[in-house]
Amino acid sequence: QVQLVESGGGLVQPGGSLRLSCAISGSIFSINSLHWYRQAPGKQRELVAVINNSGSTNYADSVKGRFTISRDNAENTMYLQMNSLKPEDTTVYYCSTDWISRSRTLLRSWGQGTQVTVSP
């Protein structure tokens, strides 16, 4: 099993910034990729950003140029730096990882989510 715990959410004004953190722990053979998702009530979960184990990143068009995903392998932590926040960014953000078990099975684990609210 692996565990992911998000932190850093909160209330921010439009145009402001937040940095989300996700601490990862557990028995992992290797990590294939790390992800940030968001899901508003009544809507599908949206992939926001991805970083793979080589450091390559991809972003949703809606956040490109404003959000940055990163990782600290030594601390087993991933981050989402969010700048120029807009009201439409308001929702719950989730971190996840695609990881490989000792049996060489590719699995996905999720954090519990952290609320981000962008409002005057």
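Keep in mind that what you see is a predicted model, and the values were worked out from it rather than measured.
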Taken to the nearest 0.5 Å, the spacing of Arg71 CZ from Leu80 CG works out to 15.0 Å

Between Val63 and Val48 the two heavy atoms that sit nearest each other are CG2-O, 3.6 Å

Separation between SG (Cys95) and CE (Met78), nearest 0.5 Å, reads 5.5 Å

Review point. Mind checking whether Trp110 and Tyr37 have ring centres under 6.0 Å apart?
Key: yes

Worksheet item: Hey, are the side chains of Val118 and Lys86 touching, using non-hydrogen atoms and a 4.5 Å cut-off?
Response: no

Check your understanding: Tell me, do Ile24 and Leu34 make a side-chain contact under 4.5 Å, heavy atoms counted?
Key -> yes

Ser33 and Val50 have their tightest heavy-atom pair at CB-CG1, 4.4 Å

Practice problem: Could you check Met82 against Leu20 for side chain to side chain contact (heavy atoms under 4.5 Å, CB included), going step by step and ending with a plain yes or no? | Solution: CA-CA 8 Å; Met82 304 184 294; Leu20 307 183; 3.7 Å; yes

Here the gap from Tyr94 atom OH to Thr114 atom OG1, rounded to the nearest 0.5 Å, amounts to 10.0 Å

**Asked** Side chains of Trp99 and Ser109: is there a donor and an acceptor less than 3.5 Å apart?
**Response** yes

* Asked: Is a side-chain N or O of Glu6 found less than 3.5 angstrom from the main chain of Gly113, in a donor-acceptor match?
  -> yes

| Are Arg102 and Phe29 in a cation-pi setup, meaning NZ or CZ lies under 6.0 angstrom from the ring centre and within 45 degrees of the ring axis? | no

Side chain Thr57, main chain Ile51, donor-acceptor under 3.5 Å: no

Do we see a donor-acceptor contact under 3.5 Å between the side chains of Ser17 and Asn83? yes

Between the CG atom in Asn76 and the CD atom in Gln3, the distance rounded to the nearest 0.5 Å is 12.0 Å

Exercise for review: Group every Ile, Leu, Val, Met, Phe, Trp and Tyr by side-chain heavy-atom contacts under 4.5 Å, then state whether Tyr79 and Val12 land in the same group.
Suggested key: no

What one should report as the nearest heavy-atom pair of Gly9 and Val116 is CA-CG2, 4.3 Å

Here the pair of heavy atoms bringing Arg66 nearest to Leu85 is NH1-CA, 3.9 Å

Q. Do we see a donor-acceptor contact under 3.5 Å between the side chains of Glu88 and Ser62?
A. no

Here the gap from Thr97 atom OG1 to Ile31 atom CD1, rounded to the nearest 0.5 Å, amounts to 4.5 Å

For the residue pair Thr117 and Ser119, confirm or rule out a side-chain donor-acceptor distance under 3.5 Å.
no

To the nearest 0.5 Å, atom OG of Ser30 lies from atom CD1 of Ile100 at 3.5 Å

Lys64/Asp61 ion pair, N-O < 4.0 Å | yes

Determine whether a donor-acceptor pair (N or O, by modelled atom type, separation under 3.5 Å) exists between the side chain of Gln39 and the backbone of Val92. no

Checking Glu46, Arg38, Gln115 against Tyr93 for side chain to side chain donor-acceptor pair (under 3.5 Å), the one that qualifies is Arg38

Applying side chain to side chain contact (heavy atoms under 4.5 Å, CB included), run through Asn32 and Asn52 and close with a yes or a no.
-> CA-CA 6 Å; Asn32 191 58; Asn52 65 24; over 6 Å; no

Legend entry - Pairwise side-chain contact, Leu47 with Trp36, heavy-atom cut-off 4.5 Å (strictly under): no

